[in-house]
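Below, all heavy atoms of this structure are taken into account, side chains as well, without hydrogens, waters or symmetry copies.
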Amino acid sequence: MWAQQPAAQAAPAATASAPAVPAASAPAAGASGLTAAPPQASSAEAAPGPAAATPAPSAPAAVAAATGKPDPAMGEQRFGSVCAACHGAGGNSGTPANPKLAQQHPDYIIKQLQEFKSGKRPNPIMQGFASQLSEQDMKNVAAYLGAQQAKPGFAKDKELVTIGEKLYRGGNQQRALPACAGCHSPNGAGIPAQYPRLSGQSADYTASQLVAFRDGIRKNSPQMAQIAAKLNDHEIRAVSDYIAGLR
């Protein structure tokens with residue numbers, strides 16, 4: 001349902017140990033190599049309509065809605081009816097093209113949902129789903145996802161990981177390319193309310209978002225657009241693979 005954060009995003013930094021490296025498919029390539037992923041996640045199910053509305057809230061839920069406080073229990077219900085088909089149980093997507101949302105910072109999730117809904121972050125599929133959510137729904141879903149445990153991811157290519165680690169942890173001073181770790185932290189945990197968690201994110205999804213930032217398709221983070229503009233396809237693959245193995 002989302003990607004890099006408001007203020008800034010760069011691919012995250014690494015942990016001391018090298019990530020596990022099982023086999024997997026490479027990101028889809030176009031005429032120039034990497035391409036931005038198509039709108040989120042094809043799921044056989046259509047976006048739920050009015051009939052899929054959640055049941056009337058219980059007394060505690062009604063109180064939470066009245067005060068504007070997030071209600072994770074209601075968020076779990078809404079996530080299950082609107083989001084889980086593409087993003088997996090508990091936000092642990094099993095589809096490389098769809099981001100993992102478990103353990104993501106709630107403020108980041110809310111921001112992305114608001115921008116999908118408004119069209120600031122164009123994505124026809126996500127705009128359709130986000131349009132079904134009220135501000136309270138967004139708070140509830142974000143609170144629920146933030147409390148879920150993310151399943152670890154894995155890198156795929158040892159050679160790419162070596163290149164990705166250098167970029168993530170140290171950037172490239174000659175090209176004025178900042179280290180991803182500076183904003184997203186060495187282990188990819190991010191900084192709440194500022195920069196998203198990237199640790200263990202699918203390499204395919206991360207690569208597609210970096211390409212979208214670089215190519216001007218995704219415009220909701222000028223800082224990330226400036227950083228991604230300095231990366232070539234090979235570097236994007238490398239740093240994305242490294243991020244996938246961060247713990």
Side-chain angles (χ1 to χ4, degrees), residues 1-5 37-154 189-190 192-193 196-202 204-206 208-209 244:
M1 253 155 90
W2 5 57
Q4 276 47 14
Q5 168 120 347
Q40 236 65 39
S42 38
S43 163
E45 301 181 20
T54 52
S58 60
V63 171
T67 59
K69 293 182 179 178
D71 183 335
M74 290 299 293
E76 180 177 11
Q77 290 183 26
R78 204 71 171 115
F79 180 85
S81 66
V82 180
C83 319
C86 293
H87 294 285
N92 280 292
S93 171
T95 304
N98 301 333
K100 296 179 181 178
L101 304 179
Q103 218 171 324
Q104 185 57 269
H105 307 310
D107 286 346
Y108 178 72
I109 291 179
I110 292 170
K111 178 181 185 291
Q112 300 308 306
L113 283 172
Q114 290 171 335
E115 293 179 352
F116 279 130
K117 186 173 183 176
S118 71
K120 183 176 180 179
R121 182 176 171 184
N123 183 307
I125 293 177
M126 277 306 305
Q127 185 170 25
F129 282 111
S131 294
Q132 302 177 44
L133 304 177
S134 66
E135 289 295 311
Q136 187 63 44
D137 287 332
M138 293 179 188
K139 290 180 182 179
N140 294 345
V141 168
Y144 165 68
L145 289 170
Q148 303 310 298
Q149 184 65 42
K151 293 181 180 179
F154 299 90
R197 171 188 171 87
L198 300 179
S199 177
Q201 187 59 269
S202 159
D204 287 4
Y205 178 73
T206 299
S208 74
Q209 295 309 301

Student: State, with a plain yes or no, whether a side-chain heavy atom of Q114 is found less than 4.5 Å away from one of E135.
Tutor: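 Counting from C-beta outward, Q114 and E135 do come under 4.5 Å.
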
Student: How far apart are the closest heavy atoms of Q132 and D137, and which atoms are they?
Tutor: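 Closest heavy-atom pair between Q132 and D137: O-OD2, 3.9 Å.
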
Student: At what distance, to the nearest 0.5 angstrom, does CG of N98 lie from CG of N92?
Tutor: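 Going from the CG atom of N98 to the CG atom of N92 covers 12.5 Å.
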
Student: What heavy-atom pair brings D204 and P96 nearest, and what distance separates the two atoms?
Tutor: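 The answer is OD2-CB, 3.4 Å.
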
Student: Please check: side-chain N/O of Q149 versus main-chain N/O of Q103, any donor-acceptor pairing under 3.5 Å?
Tutor: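 Not a single qualifying donor-acceptor pair exists.
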
Student: Is a side-chain donor or acceptor of E115 paired with a backbone partner of R121 at a separation under 3.5 angstrom?
Tutor: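 Looks like no, no N/O pair under 3.5 Å.
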
Student: Can you name the closest pair of heavy atoms from Y144 and P72 and give their distance?
Tutor: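 Heavy atoms of Y144 and P72 come nearest at CB-O, 3.6 Å.
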
Student: Strictly distance-based, threshold 3.5 Å: is any side-chain N or O of H105 a donor or acceptor partner for the main-chain N or O of G146?
Tutor: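 Side chain of H105 to backbone of G146, a donor-acceptor pair under 3.5 Å: no, none is there.
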
Student: Considering non-hydrogen atoms only, spot the tightest contact between A130 and F116 and give its length.
Tutor: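 It is CB-CB, 3.9 Å.
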
Student: Do M126 and Q112 come within less than 4.5 Å of each other through their side chains, counting heavy atoms only?
Tutor: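 They are not in contact (no side-chain heavy atoms under 4.5 Å apart), so the answer is no.
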
Student: Sub-3.5 Å donor-acceptor pair from the side chain of S93 to the main-chain atoms of T95, do we have one?
Tutor: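 A pair under 3.5 Å: yes.
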
Student: Can you tell me how far apart CD1 (I110) and CG (L133) are? Round to the nearest 0.5 Å.
Tutor: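 Answer for the CD1-CG pair, I110 versus L133, is 11.0 Å.
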
Student: Do Q201 side-chain atoms and K100 backbone N/O form a donor-acceptor pair below 3.5 Å?
Tutor: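 Yes, because the side chain of Q201 sits within donor-acceptor range (under 3.5 Å) of the backbone of K100.
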
Student: Do the side chains of N140 and R78 get nearer than 4.5 Å, heavy atoms only?
Tutor: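 Contact flag for R78/N140 side chains = no.
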
Student: Return the minimal non-hydrogen interatomic distance between Q136 and P70, and the atom names on each side.
Tutor: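 That would be NE2-CA, 4.0 Å.
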
Student: What distance do S199 atom OG and Q104 atom CD have between them, rounded to the nearest 0.5 Å?
Tutor: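 So the gap between those two atoms works out to 10.5 Å.
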
Student: Compare every heavy atom of A193 with every heavy atom of D107, then report the nearest pair and how far apart it is.
Tutor: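 Smallest interatomic distance, heavy atoms only, reads OD2-CB, 3.3 Å.
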
